[in-house]
Amino acid sequence: MQKSGTILRHLRVALLQLKVGKNKEENVSRAIAKIRSVVTDHGPKSSSWTSKNKNFLAILPECFNSPYGVKYFNEYAETVPDGYTSQELSKIAKELGIYLIAGSIPERESAGSSKLFNTCTIWSPEGSLIDKYRKMHLFDIDIPGQIRFQESETLSPGNNLVTFTIDEAKIGLGICYDMRFEELARLYRLDGCNFLVYPGAFNMTTGPLHWTGLQCGRATDTQSYVATVSPARVEGSDYVAYGHSSIIDPWGKILVDAEAEENTVVRDLDFAECEKVREQIPIFKQRREDIYRTVKVTF
């Protein structure tokens, strides 16, 4: 029996790898339906509930309400939290009593503004907006003969790290390309995070090369759980996502992989594992900060 005052270490996490089309309302409705379905099948009131915690966290992909492409961002952009997508997310989180990391959507800074961000919103079981994270590192790459993508043609970068806590899980957020920058992950670890979440949409060039390796790298760098959530692969779309939404444990082991098609995967995470690996391989105590150091710049 759990002792009074004991902090629970487990969290059930669902990754929703969704198909995304060109109809915003259909995209949002699909996300809401999939959230409701996974909570019915795996939430606290389901027969499958074995988690030692009462909380449930669902995570959506990057750009789940819009096609991923610079030509779409202005058309699909909304203000947060009063836009259509935010209102729907608030309602489903409250209805089901869950935490929700809502992947990302194109965000308009304010009504009538031309300034856009790639933004992840976080919702509480009461339906309130906990915080929002604006993608910090914009996806500007040019691989001749394979892919050219320049988010900076339409988007502005965010400047702030975002963390929030569910019991013993302290979660740090990034979006897709942010995962390539180990300094961001290190700052989250220094801030006490043990779970890094990156909604992302790697493509069919960089996905097979780097997607899994980067996740394992960030997990072993920080000795934390790492979750990535991609759109499902839709052949023939303007931008074909790689898929393979995953959870990596603090030892660098792949716990779940959603493969390429639309899929939902669920896993109970035990954050005592982070403490275990950090005690057994104490790299953050062994850092040579007399020689090198990562520091946070305050704007």
Side-chain angles (χ1 to χ4, degrees), residues 8 10-21 23-66 76-108 118-133 162-171 173 175 195 197-199 227-232 245 247 256 258 262-269:
L8 299 167
H10 293 76
L11 177 65
R12 178 163 289 189
V13 178
L15 313 183
L16 282 71
Q17 184 166 284
L18 305 173
K19 290 182 180 179
V20 179
N23 185 303
K24 179 193 289 188
E25 287 73 21
E26 289 182 2
N27 291 333
V28 174
S29 294
R30 176 186 292 273
I32 298 303
K34 294 291 186 180
I35 294 168
R36 186 174 284 114
S37 177
V38 73
V39 173
T40 297
D41 292 342
H42 299 280
K45 296 181 180 179
S46 70
S47 59
S48 69
W49 187 257
T50 57
S51 175
K52 297 176 183 178
N53 203 332
K54 65 183 178 64
N55 288 312
F56 187 98
L57 171 63
I59 312 176
L60 301 180
E62 181 182 21
C63 267
F64 72 90
N65 76 340
S66 161
Y76 286 75
E78 303 177 12
T79 54
V80 173
D82 54 335
Y84 163 74
T85 301
S86 291
Q87 292 299 303
E88 292 299 302
L89 296 171
S90 173
K91 286 190 287 187
I92 193 64
K94 183 177 181 179
E95 174 192 329
L96 300 175
I98 63 168
Y99 286 92
L100 175 61
I101 297 176
S104 78
I105 66 170
E107 179 202 1
R108 192 176 303 282
N118 189 343
T119 299
C120 177
T121 56
I122 310 104
W123 302 90
S124 76
E126 295 73 39
S128 60
L129 179 67
I130 294 174
D131 210 334
K132 65 181 180 182
Y133 172 83
V162 170
T163 67
F164 73 104
T165 301
I166 307 174
D167 295 314
E168 283 207 354
K170 185 169 184 179
I171 300 168
L173 292 176
I175 297 174
F195 188 16
V197 175
Y198 299 95
T228 55
V229 190
S230 170
S245 303
I247 298 176
V256 294
E262 186 169 69
N263 195 10
T264 298
V265 291
V266 179
R267 185 80 182 202
D268 290 336
L269 305 186

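What you see is a predicted model; the values in this text were computed from it and never measured. Residue numbers count from 1 along this sequence.
To the nearest 0.5 Å, the span separating CD1 on I171 from CG on L11 amounts to 6.5 Å. The CG atom of L96 sits 7.5 Å away from the CD1 atom of I35 when rounded to the nearest 0.5 Å. Here the straight-line distance linking atom CG of N55 with atom CZ of R12 works out to 12.5 Å at 0.5 Å rounding. Atom CG of L60 sits about 5.0 Å away from atom CG of L100, to the nearest 0.5 Å. With rounding to the nearest 0.5 angstrom, the SG atom of C120 is 5.5 Å from the CD1 atom of I175.
Residues passing the side-chain contact (heavy atoms from CB on, under 4.5 Å) test with S37, sequence neighbours excluded: D41.
Annotation for F56 and H42: closest pair CE1-O, 3.6 Å, computed over non-hydrogen atoms. Taking each heavy atom of K19 and A232 in turn, the nearest pair found is N-CB, 3.9 Å. The two residues N27 and S66 come nearest to each other via the heavy atoms ND2-N, 3.9 Å. Y99 approaches I166 most closely through the heavy-atom pair CG-CD1, 3.5 Å. Of all heavy-atom pairs spanning L15 and T228, the tightest one is CD1-O, 3.8 Å. Taking each heavy atom of E78 and N65 in turn, the nearest pair found is OE2-ND2, 3.8 Å.
Among pairs with a residue in residues 123-132, those fulfilling salt bridge (Lys or Arg N to Asp or Glu O under 4.0 Å) read E107-K132, at least two apart in sequence or across chains.
Contact check for L129 versus W123: side-chain heavy atoms found under the 4.5 Å cut-off. The side-chain heavy atoms of F64 and T85, taken from C-beta on, include a pair separated by under 4.5 Å. By the 4.5 Å heavy-atom criterion applied to side chains, V197 and Y133 are not counted as neighbours.
Applying the 6.0 Å contact sphere to NZ of K170 captures more than 12 heavy atoms from other residues, nucleotides or ligands.
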